[in-house]
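Here's the structure, in structure tokens; my notes come after.
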2 protein chains.
Amino acid sequence: MFSKACEYGIKATIYIAVKSMRQERVSLKEIAEEVDSPVAFTAKILQSLAKSGIIDSHKGPTGGFQIEETKIDTIKLHDIVHAIDGDKIFVGCGLGLEQCDASQPCPVHDKFVGIRDNLKIMLKNTSLYELATGLEIGLTHLKR
Amino acid sequence: MFSKACEYGIKATIYIAVKSMRQERVSLKEIAEEVDSPVAFTAKILQSLAKSGIIDSHKGPTGGFQIEETKIDTIKLHDIVHAIDGDKIFVGCGLGLEQCDASQPCPVHDKFVGIRDNLKIMLKNTSLYELATGLEIGLTHLKR
DNA sequence: TTTATTTAGGATAAATTTGTCCGAAATAAG
DNA sequence: CTTATTTCGGACAAATTTATCCTAAATAAA
């Protein structure tokens, strides 16, 4: 469903959000440990999330990653997925046809669009805040 | 969403079904042309569909692929996807966690399971017959 | 200013998916 | 039986995704 990059990116962002809600900055090393992802690959993903403006990064000792607290409930899962995987999971024909729309559909067009719309709606409605809160209160987990 | 192999496999199977409803057998070459897929790669996919018992293959002149007519409406999209991609799109955590279920969920567990259940239901309810009929009557297309 | 620490970013490698090539096996027809 | 045609299946190649390594740049603190 999601790429590995996206999985790691989502987990990392949620973890950073939890810490940011406590005004704490976290290092790449800590993130990778806590979300059980490869350090160097995670670094690349965090880089692109920083470039997209979803997270902030700071170099040097006491450096690390954080998220502006006011942003935490405006950031949606959709934003994270889009920043990492682009729009490839949101657009295009389910069977890979170049020309496929309601007027000239592929055989699975309607059904596929239905499922994908559900996915889009879910991603647009799910805030980083609720994901971080669920983790914070121990309702959910990110390791293993 | 689906792998390329799956996209080609679905398109090929629908095309074979349409021909089989007219008691015609089709060659790999014709299939690849008509569904706009790479010939040699399509051959591999058809091989695995044949091994799974979804399609029948015959060697030699007048050989080719076909589907038992009685099977066409019992075969579901789910069967095709499962034969090619296995169960990887049906099982496993949305964030790649090893341990993730209702009692110890990842942050997106419930929402993810919801979407995936929709997908499963759609795939299990969609028959090859309806896909082939849509193509046959010109309602849908497979090329470009 | 020097040093230690942390992210940035480029080069490279491994793994997986996608795709090609070609000889072998089967088989229909002359 | 021979030949032409078609799928089978193994080896190989290209492209993409996943992952690592290392140096540079920034920066906090001694």
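Below, read A as the first sequence line, B as the second, and so on, with proteins coming before strands; counting in each chain starts at 1. Computed from a prediction, not measured in an experiment: that's the story for all the values here.
- Considering only the side chain of B/S57, D/dT7 comes nearest among D/dT18, D/dG9, D/dT7.
- The residue among B/I31 and A/V39 whose nearest nucleotide of DNA chain D lies closer to the 5′ end is B/I31.
- Looking at residues two or more places apart in sequence or on another chain, you find a side chain to side chain contact (heavy atoms under 4.5 Å, CB included) between A/K143 and A/E34.
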**Complete:** With sugar-phosphate taken as primed atoms, P, OP1 and OP2 and all else as base, the protein-contact string of nucleotides 23-30 of chain D at under 4.0 Å (heavy atoms; B, S, -) is ---BBB--
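- Taking 4.0 Å as the cutoff to heavy atoms of chain B, we find the contact window on DNA chain C bounded by C/dT17 to C/dA28.
- Sequence neighbours left out, the pairs with a member in residues 16-56 of chain B that pass ring-ring contact (aromatic ring centres under 6.0 Å, His included) are B/Y8-B/F41.
- The interatomic distance linking B/L49 (CG) with D/dG9 (P) rounds to 14 Å, in whole Å.
- B/N125 meets the side chain to side chain contact (heavy atoms under 4.5 Å, CB included) test with B/I121; sequence neighbours excluded.
- For A/E136, the side chain to side chain donor-acceptor pair (under 3.5 Å) partners two or more places apart in sequence, or in a different chain, are A/R22.
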**Prompt:** Given B/K11 and B/S37, is the side chain to side chain donor-acceptor pair (under 3.5 Å) satisfied, shown in steps?
**Reply:** CA-CA 9 Å; B/K11 291 196 289 181; B/S37 63; over 6 Å; no
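- Within the 4.5 Å cutoff, the side chain of B/E130 has no heavy atoms near those of the B/T133 side chain.
- With sequence neighbours left out, the ring pair (Phe, Tyr, Trp, His ring centres under 6.0 Å) criterion links A/Y15 to no other residue.
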**Item:** Contact state string [nucleotides 11-17 of chain D, B base, S sugar-phosphate only, - no protein heavy atom under 4.0 Å]
**Value:** B-----S
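- By the side chain to side chain contact (heavy atoms under 4.5 Å, CB included) test, A/N118 is found to be paired with B/I115, B/N118, residues two or more places apart in sequence or in another chain being considered.
- Position along DNA chain C of the nearest nucleotide to A/S27 versus B/F2 favours A/S27 as the more 5'-ward residue.
- Checked against side chain to side chain contact (heavy atoms under 4.5 Å, CB included), A/D36 has the following partners two or more places apart in sequence or in another chain: A/R144.
- Note: CG (A/D36) to P (D/dA19) measures 11 Å, nearest angstrom.
- Checking the phosphate oxygens (OP1, OP2) of D/dT18, no side-chain nitrogen or oxygen of A/Y8 falls inside 4.0 Å.
- Identified under the ring-ring contact (aromatic ring centres under 6.0 Å, His included) test for residues 97-128 of chain A, with sequence neighbours left out: none.
- B/L139 forms part of a hydrophobic cluster together with B/I137, judged by ILVMFWY side-chain heavy-atom separations under 4.5 Å.
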